[in-house]
Undergrad: 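Let me begin by handing over the structure; questions about it come next.
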Amino acid sequence: MDEGLFEAPGGPVAGSGSLSATAHESAPLAVRMRPRTLDELVGQAPLKAEGSPLRMLVEGEQPLSLLLWGPPGTGKTTIASIVSNTANRRFVEVSAVAAGVKEVRAAIEAARSDLVHRGTETVLFVDEIHRFSKAQQDALLPGVENRWVILVAATTENPSFSVISPLLSRTLLLTLSSLTDADISAVVDRALTDERGFQGRVTLDGDAQQHLVRLAGGDARRALTYLEAAAATVLARERPNSTRTGPNSTRIGPNSAVIDLGVVERAVDAAAVRYDRDGDQHYDVISAFIKSIRGSDADAALHYLARMMEAGEDPRFIARRLIILASEDIGLADPTALTTAVAAAQAVQLIGMPEARLNLAQATIALAVAPKSNAVITAIDAAVGDVRRGLIGTVPPHLRDAHYPGADRLGHGKGYLYSHDAPYGIARQEYAPESVREARYYQPTALGAEAAVKERWERIRRLIRGEDLGSGAG
């Protein structure tokens, strides 16, 4: 049926394959259960909407090349399969790891020949396109630009950093969202009952399904892989009671084999993590995580970090909490803490899990061992408190905008002292409104790098207010 499918003039196209050709009876569950239509695809509602570019492409109304960006297991490969299964299109897969420029050009030439001689469109699927070199990506351009191929390229990394600009400008970027727990549960439920899956021969009890969904971490492929491993365990026990034991065999007897929590734990070689992402444990564990870092216990913080990651907590949530902590509990005691936390959050976005666990762990340790100060949050909360109490005051005239016509007649900017012209770059003048002139919001500690900030700020404050005109600013 697929004879000659990946042959180009002059020889075969190395590194090519067909998704449909792998959906046989003994194929992995994740392959057999791959959605066949957009309506079967779980999640990604905006991309599947009526009139959306993806639906128009699938329905053969608009041949567009796509760049799919999203976390693992969210449907990138599935979308490529769905696109290829419609409108009598040919599917060719080029490996971003094994194929070189020669193989890419051969695939495009074969697609051009098919389009010219048979009128058949070719979907060229490139998974992990971020692994392609610039030369390999350049080789894709003629095929995309002339529409000899419908390129469907997938990546888990930000394409702005990993895909060349000419290719970005010639493809439609579709961002896939992480699947929710409800989405993953729907995928699992379908696999339990669908004829391509277990046809009701196995069932999951409540605890087992919740744990499997947590372990999947929004990755549908991982969820089905875990389910398949767990099902193999219980079906192996039931073989004496069955006449067939293949992946599509029918269980003899009135009841399905039950997969419980213990089976799931053993199947995926991971202990159950007692952690409810929507319940008390979610808040208790993240609270303990933050308080451990605040208390400078790096080991305890890593324990709670591991619990959250193993339970499938959203790594972006953890990264956001680290960014908040960097200013709330460290501040200027270590000015690099915020930079470290932001870098970890960016790494989570760029590379995803599980590799990003290293970045989160590094940030956790760095923030735990850093000197601590809550002077930043104390300062801003005090200032906000005064504003909310009505201590607003008018902006001093010499600080008001003086750049528009007529401002000078109102006295705006009159008497303003340009700080760079003053000794030490600090001019003696009033900056705060009269109502909060004596307020002391920022009161730095003597811990870490903030000790030097404390000394400098105290001297600057005296200079501004004319209390210490005889000394320098430090």
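Everything numeric here is computed off the predicted structure, so don't read it as measured data.
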Undergrad: Would a distance-only check, ignoring hydrogens and angles, find a side-chain to backbone donor-acceptor pair under 3.5 Å from Asp194 to Arg190?
TA: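 No, Asp194 side chain to Arg190 backbone: no donor-acceptor pair under 3.5 Å.
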Undergrad: Roughly how far apart are Gln209 CD and Thr203 OG1, rounded to 0.5 Å?
TA: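 The OG1 atom of Thr203 is 10.0 Å from CD of Gln209, to the nearest 0.5 Å.
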Undergrad: Between Arg388 and Asp381 (salt bridge meaning N to carboxylate O under 4.0 Å), is one present in this structure?
TA: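 Looking at Arg388 and Asp381, the cut-off is not met.
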Undergrad: Would you call Arg55 and Glu59 a salt bridge, using N to O less than 4.0 angstrom?
TA: yes
Undergrad: For the side chain to side chain contact (heavy atoms under 4.5 Å, CB included) test, which of Val264, Leu204, Val187 pairs with Leu227?
TA: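 For Leu227, the side chain to side chain contact (heavy atoms under 4.5 Å, CB included) test succeeds with only one of Val264, Leu204, Val187, which is Leu204.
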Undergrad: Could you check whether any side-chain N or O of Gln137 sits under 3.5 Å from a backbone N or O of Ile164, counting only pairs where one atom can act as donor and the other as acceptor?
TA: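 Yes: the side chain of Gln137 pairs with the backbone of Ile164.
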Undergrad: Going by atom types alone, do Gln136 and Ser133 pair a side-chain donor with an acceptor below 3.5 Å?
TA: yes
Undergrad: Ignoring hydrogens and geometry beyond distance, is a side-chain donor-acceptor pair present between Asp183 and Thr180 at under 3.5 Å?
TA: yes
Undergrad: Taking side chain as C-beta onward, heavy atoms only, is Arg196 less than 4.5 Å from Arg36?
TA: yes
Undergrad: Any heavy-atom pair between the side chains of Leu325 and Ile330 that's under 4.5 Å?
TA: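 Contact flag for Ile330/Leu325 side chains = yes.
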Undergrad: Set out, in order, the CA-CA distance, both residues' side-chain angles and the distance that settles side chain to side chain contact (heavy atoms under 4.5 Å, CB included) for Glu128 and Thr156, then state yes or no.
TA: CA-CA 7 Å; Glu128 298 188 280; Thr156 56; 5.7 Å; no
Undergrad: Is it the case that the side chains of Asn158 and Ser160 hold a donor-acceptor pair, with the cut-off being a distance below 3.5 Å and no angle test?
TA: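 Side-chain D/A pair, Ser160 to Asn158: present.
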Undergrad: For the pair Thr122 (side chain) and Val149 (backbone), establish whether a donor and an acceptor sit closer than 3.5 Å, ignoring hydrogens and angles.
TA: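 Between the backbone of Val149 and the side chain of Thr122 there is no qualifying donor-acceptor contact (under 3.5 Å).
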Undergrad: Using only atom types and a distance under 3.5 Å, with no angle test, would you say the side chain of Asn374 pairs donor to acceptor with the backbone of Ile377?
TA: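 It does not hold such a pair.
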Undergrad: Taking the side chain as everything from C-beta on, heavy atoms only, tell me whether Phe289 gets closer than 4.5 Å to Leu305.
TA: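 Yes, close enough: below the 4.5 Å cut-off.
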Undergrad: Within the side chain of Arg34, is there an N or O that forms a donor-acceptor pair under 3.5 Å with the backbone of Ile82?
TA: no
Undergrad: Is a donor on one side and an acceptor on the other found under 3.5 Å between the side chain of Gln44 and the backbone of Ser177?
TA: yes
Undergrad: Under 3.5 Å, which donor-acceptor pairs do the side chains of residues 336-349 form with other protein atoms, sequence neighbours left out?
TA:
residue : atom : partner : partner atom : Å
Thr336  : OG1  : Asp334  : OD1          : 2.6
Thr336  : OG1  : Asp334  : OD2          : 3.4
Thr340  : OG1  : Thr336  : O            : 3.0

Undergrad: Taking the side chain as C-beta and beyond, is there a heavy-atom pair between Leu64 and Met56 under 4.5 Å?
TA: no
Undergrad: Okay, side chain of Ser81, backbone of Thr77: is any donor-acceptor separation there less than 3.5 Å?
TA: no
Undergrad: Test side chain to side chain contact (heavy atoms under 4.5 Å, CB included) on Thr171 and Val163 and set out the steps.
TA: CA-CA 11 Å; Thr171 55; Val163 179; over 6 Å; no
Undergrad: Starting at OG of Ser65, measure out to CG of Leu173 and round the result to the nearest 0.5 Å.
TA: 13.0 Å
Undergrad: Show, in sequence, the C-alpha distance, side-chain angles and deciding distance for Leu41 and Lys48, and conclude whether the side chain to side chain contact (heavy atoms under 4.5 Å, CB included) test is met.
TA: CA-CA 9 Å; Leu41 181 67; Lys48 301 186 299 181; 4.0 Å; yes
Undergrad: Taking atom CE of Met33 and atom OG1 of Thr78, what is their separation to the nearest 0.5 Å?
TA: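 OG1 of Thr78 is found 10.5 Å from CE of Met33.
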Undergrad: Are a donor atom and an acceptor atom from the side chains of Glu450 and Ser373 found within less than 3.5 Å of each other?
TA: yes
Undergrad: Checking the side chain of Lys76 only, and the main-chain atoms of Gly70 only, is there a donor and an acceptor separated by less than 3.5 Å?
TA: yes
Undergrad: Do other residues, nucleotides or ligands put more than 12 heavy atoms under 6.0 Å from the CD atom of Gln362?
TA: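 No, the 6.0 Å shell around CD holds no more than 12 heavy atoms from other groups.
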Undergrad: Kindly say whether Ser113 contributes a backbone atom to a donor-acceptor pair with the side chain of His117 at under 3.5 angstrom?
TA: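 Such a contact is found between His117 side chain and Ser113 backbone.
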Undergrad: In terms of heavy-atom contacts, does NZ of Lys291 have more than 12 from other residues, nucleotides or ligands at under 6.0 Å?
TA: no
Undergrad: Would you check if Tyr442 and Leu332 make a side-chain contact, meaning some heavy-atom pair closer than 4.5 Å?
TA: yes
Undergrad: Measure the CD1-OH distance between Ile293 and Tyr304 for me, rounded to the nearest 0.5 Å.
TA: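 The OH atom of Tyr304 is 12.0 Å from CD1 of Ile293, to the nearest 0.5 Å.
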Undergrad: Within this structure, what is the NE2-OG distance for the pair His303 and Ser292, rounded to the nearest 0.5 Å?
TA: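 Separation between the atoms: 9.0 Å.
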Undergrad: To the nearest 0.5 Å, what is the distance between OG1 on Thr364 and CD1 on Ile290?
TA: 8.5 Å
Undergrad: Pair Leu124, Leu140 - check side chain to side chain contact (heavy atoms under 4.5 Å, CB included), show working.
TA: CA-CA 10 Å; Leu124 178 61; Leu140 293 169; 3.7 Å; yes
Undergrad: Has Arg170 got more than 12 heavy atoms of other residues, nucleotides or ligands less than 6.0 Å from its CZ?
TA: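 Enclosed.
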